[in-house]
Amino acid sequence: MIARDRIARFRAAEEDVFRDRFAASGRVADGAAAHWHDGVPFHWMRDWPSPWPLVADHAVGATLTTVDGVTLDDFCLGDTASMFGHAPPPVAAALAAQAPRGFSYMLPMEAGLDVSARLAAIFGHPYWQVTSTASEANRAVIRWCRAITGRRKILIFNGAYHGAVDDAFVDLRGGVPTMRTSLLGQVADMRDTTLVIEFNDVAALDVALARGDVACVLAEPVMTNVGMVMPDAGFLDHVRAAATRTGTILVWDETHTVSSGLGGHGKAHGPLGDMVVVGKAIAGGMPTAVYGFTANVAARMAAANAARTGGHSGIGTTLSANALAMAAMRAMLTNVMTAENYAAMLAGADRLVAGLRRVIAAHGLDWQVAHVGARVEFITSGAPIRNGSDARAAMDGELDGAIHLGLVNRGLLLAPFHNMALVSPVTSDAQIDRLADGLDAVLTALLGA
């Protein structure tokens with residue numbers, strides 16, 4: 001444990017450094033408060049553990065430069081949206097070529113033939129649909145699963161995050177299903193239709209699915225938004241078998257675990273789901289997501305669609321599959337989301353994991369380092385973590401915030417929500433080593449404060 005008073009003294013000193021180094025960001029933030037609510041165009045941008053948000057000027061590759069003229073080694077990468085690097089040249093070129101030809105048609109494009117074929121080849125599902133965000137994709141998938149099974153309930157794992165989807169905002173607190181108290185304006189109690197159990201709990205899964213009233217299991221193959229929670233050996237295969245046995249549709253949300261390897265965790269490590277959702281990085285950070293599904297699911301979707309009355313299906317938005325999104329996705333799938341780039345990312349992640357573990361051990365700490373492919377996280381606890389409750393108990397927001405701020409002042413940017421770092425294909429060994437060295441410097445200051 002690091003004493004609370006040491007953390008407080010370190011944080012205060014680092015805030016002074018931040019105010020001086022990022023003064024221009026502060027001036028922009030002050031001006032933005034005149035008309036942006038809370039000073040930012042999107043309230044999550046206030047979630048960074050700093051006196052004010054950094055204000056970006058531009059980002060290229062694995063670096064981000066602020067309006068202060070400070071260039072940071074970027075391991076946040078837009079919280080996964082730019083996981084393959086900022087502004088990949090093939091995507092930038094594709095957008096520049098498409099822009100004079102129109103942004104949005106509400107019509108298919110010939111380029112879509114190539115996109116769909118590449119999605120099928122890479123991820124292993126023959127049929128696809130495009131949305132604007134992974135949140136939208138998950139909402140669509142839940143609707144389809146309920147429509148084709150005739151069942152009302154879904155099952156999620158405690159601590160999961162599947163975007164801004166009301167159905168997924170149910171937690172276990174002390175073993176009791178609870179609506180998340182942080183939700184603004186929530187009026188519906190989702191506990192009647194959403195079951196929540198702990199990740200890696202085989203017995204609870206079997207009981208929940210045995211009743212035959214669950215339309216789908218919606219899950220990440222590795223939990224990544226409550227810290228990182230790895231599946232026990234054989235757990236994912238058990239989920240696959242239990243879903244098949246009970247006629248439940250298995251949906252992998254691979255928006256984050258696409259970091260695992262080409263085709264995501266399901267393709268790289270198995271098993272495949274009946275449906276898969278991928279957002280954020282699929283179009284290089286352009287607002288785009290996709291969901292894919294098996295031939296059996298496609299046939300059932302077609303039957304459900306044919307049987308309904310006319311009118312809005314409740315699925316889809318006008319800007320889905322717009323021309324810019326399709327151009328960006330085609331470039332990503334053809335030239336960026338490649339086996340060669342994944343090999344570079346995974347090798348870099350292995351280097352980072354080794355470096356972080358070396359630093360943590362040198363300071364006599366029992367912290368853990370977990371990773372799924374190119375996604376790496378250090379956990380400021382030595383306690384075993386098998387589910388969302390364990391992960392929440394291990395979190396130390398005060399300590400994490402101090403570490404993040406210390407790293408920013410040393411030119412290193414992590415994701416704001418927990419200690420997550422992404423390694424892109426263009427992240428250099430020097431940048432990786434600087435992150436390990438930066439953590440070493442922060443821990444030296446914290447432990448000696």
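- Two rings, from Phe123 and Trp128, have their centers less than 6.0 Å apart.
- A heavy-atom distance below 4.5 Å is not found between the side chains of His256 and Met83.
- Side-chain atoms of Trp52 do not come within 3.5 Å of backbone N or O of Ala23 as any donor-acceptor pair.
- Looking only at side-chain heavy atoms (C-beta outward), Trp367 and Leu443 come within less than 4.5 Å of each other.
- When all heavy atoms of Gly406 and Phe10 are compared, the pair lying nearest together is CA-CZ, 4.0 Å.
- Separation of atoms CG (Leu439) and CG (Leu435) is listed at 7.0 Å; rounding is to 0.5 Å.
- The one candidate from Leu412, Leu447, Val359, Ile403 that meets the side chain to side chain contact (heavy atoms under 4.5 Å, CB included) condition with Val442 is Ile403.
- With sequence neighbours left out, the side-chain hydrogen bond (donor to acceptor under 3.5 Å, both in side chains) criterion links Arg240 to Thr244, Asp274.
- Judged purely by distance below 3.5 Å, without hydrogens or angles, the side chains of His162 and Asp253 pair a donor atom with an acceptor atom.
- When side chains are defined from C-beta on, Thr288 counts as touching Met286, because their heavy atoms get closer than 4.5 Å.
- Minimum interatomic distance between Pro53 and Arg46 (heavy atoms only, all atoms of both residues): CD-NH1, 3.7 Å.
- How far OG1 of Thr149 is from CD1 of Ile154: 11.0 Å, rounded to the nearest 0.5 Å.
- The backbone N or O of Ala24 lies less than 3.5 Å from a partner atom in the side chain of Asp68, making a donor-acceptor pair.
- Rounded to the nearest 0.5 Å, atoms CG (Leu356) and CG (Asp440) are 10.5 Å apart.
- A side chain to side chain donor-acceptor pair (under 3.5 Å) check over residues 10-23, counting only residues at least two apart or in different chains, returns the pairs Arg11-Glu15, Glu14-Asn409, Glu14-Arg410.
- At a threshold of 4.5 Å between non-hydrogen side-chain atoms, the residues Leu333 and Thr338 do not count as touching.
- Counting only heavy atoms from C-beta outward, the side chains of Met301 and Phe293 approach each other to under 4.5 Å.
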Checklist entry - What do the steps show when you test Thr317 against Glu136 for side chain to side chain contact (heavy atoms under 4.5 Å, CB included), and what is the final call? => result CA-CA 9 Å; Thr317 59; Glu136 183 192 338; 3.3 Å; yes
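- With hydrogens and angles disregarded, a donor-acceptor distance shorter than 3.5 Å links the side chain of Arg139 to the backbone of Ala164.
- Checked by atom type and distance alone, the side chain of Thr255 pairs as donor or acceptor with a backbone atom of Gly279 at under 3.5 Å.
- Applying the 6.0 Å contact sphere to CZ of Arg180 captures more than 12 heavy atoms from other residues, nucleotides or ligands.
- Taking both residues in full, the closest heavy atoms of Thr380 and Asp396 are given as OG1-CB, 4.0 Å, listed atom of the first, atom of the second, then distance.
- At distances below 3.5 Å, at least one donor-acceptor pair connects side-chain atoms of Lys267 with backbone N or O atoms of Ala121.
- A side chain to side chain contact (heavy atoms under 4.5 Å, CB included) with Val165 holds for exactly one of Ile142, Thr194, Ile156; it is Ile142.
- A side chain to side chain donor-acceptor pair (under 3.5 Å) check over residues 412-421, counting only residues at least two apart or in different chains, returns the pairs Glu377-His418, Asp400-Asn419, His404-Asn419.
- Separation of the Tyr161 and Phe417 ring centroids does not fall under the 6.0 Å cut-off.
- In summary, the side chains of Thr80 and Arg375 do present a donor paired with an acceptor at a separation below 3.5 Å, with no hydrogens or angles considered.
- The two atoms that bring Val115 and Met326 nearest to each other are CG2-O, 3.9 Å, heavy atoms only.
- At a cut-off of 3.5 Å, with distance as the only test, no side-chain donor of His265 or Ser260 sits close to an acceptor on the other residue.
- No side-chain donor-acceptor contact under 3.5 Å links Asp350 to the backbone of Ala347.
- Not a single donor-acceptor pair under 3.5 Å links the side chain of Ser82 to the backbone N or O of Gly85.
- Looking at residues two or more places apart in sequence or on another chain, you find a side-chain hydrogen bond (donor to acceptor under 3.5 Å, both in side chains) between Thr334 and Arg118.
- Counting heavy atoms from C-beta outward, Gln368 and Phe378 have side chains that stay 4.5 Å or more apart.
- The local environment of CZ in Phe103 is sparse, with at most 12 non-hydrogen atoms from other residues, nucleotides or ligands closer than 6.0 Å.
- Within a 6.0 Å sphere centred on OH of Tyr127, other residues, nucleotides and ligands contribute 12 heavy atoms or fewer.
- At a threshold of 4.5 Å between non-hydrogen side-chain atoms, the residues Gln129 and Ile315 do not count as touching.
- For the residue pair Asp237 and Pro271, the shortest heavy atom distance occurs at OD1-CD, 3.6 Å.
- The side chain to side chain contact (heavy atoms under 4.5 Å, CB included) check on Gln431 picks up Ala62, Thr63, Asp73, Phe75, Thr427, Ser428, Arg434, with sequence neighbours excluded.
- Going from atom CH2 of Trp252 over to atom CG of Leu218 covers 10.0 Å, rounded to the nearest 0.5 Å.
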Item to check | Step-by-step side chain to side chain contact (heavy atoms under 4.5 Å, CB included) determination, Thr246 to Val214 | outcome: CA-CA 9 Å; Thr246 58; Val214 175; over 6 Å; no
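- To the nearest 0.5 Å, atoms NE2 (His58) and OG1 (Thr65) are separated by 3.5 Å.
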Please tabulate, for the side chains in residues 384-394, all donor-acceptor contacts under 3.5 angstrom to protein atoms that are two or more places apart in sequence or on a different chain.
unit_1, atom_1, unit_2, atom_2, d
Arg386, NE, Asp232, OD1, 3.4
Arg386, NE, Asp232, OD2, 3.1
Arg386, NH2, Asn200, O, 3.3
Arg386, NH2, Asp232, OD2, 2.3
Asn387, OD1, Ser389, N, 3.1
Asn387, OD1, Asp390, N, 2.8
Ser389, OG, Asn158, ND2, 3.1
Ser389, OG, Glu198, OE2, 2.5
Asp390, OD2, Arg386, N, 3.0
Arg392, NH1, Asn158, OD1, 3.3
Arg392, NH2, Asn158, OD1, 3.3
Arg392, NH2, Asp171, OD1, 3.0
Arg392, NH2, Asp171, OD2, 3.4

Next on the checklist: Set out, in order, the CA-CA distance, both residues' side-chain angles and the distance that settles side chain to side chain contact (heavy atoms under 4.5 Å, CB included) for Val423 and Arg351, then state yes or no.
Outcome noted: CA-CA 10 Å; Val423 177; Arg351 184 183 184 96; over 6 Å; no
Item to check | Val408/Phe22 under side chain to side chain contact (heavy atoms under 4.5 Å, CB included): CA gap, chis, key distance, verdict | outcome: CA-CA 10 Å; Val408 164; Phe22 297 103; 3.8 Å; yes
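- Nearest heavy atoms, Leu272 versus Gly124: CD1-O, 4.2 Å.
- By the 4.5 Å heavy-atom criterion applied to side chains, Leu422 and Val376 are not counted as neighbours.
- Note that CH2 of Trp144 is 14.0 Å distant from SG of Cys216, once rounded to the nearest 0.5 Å.
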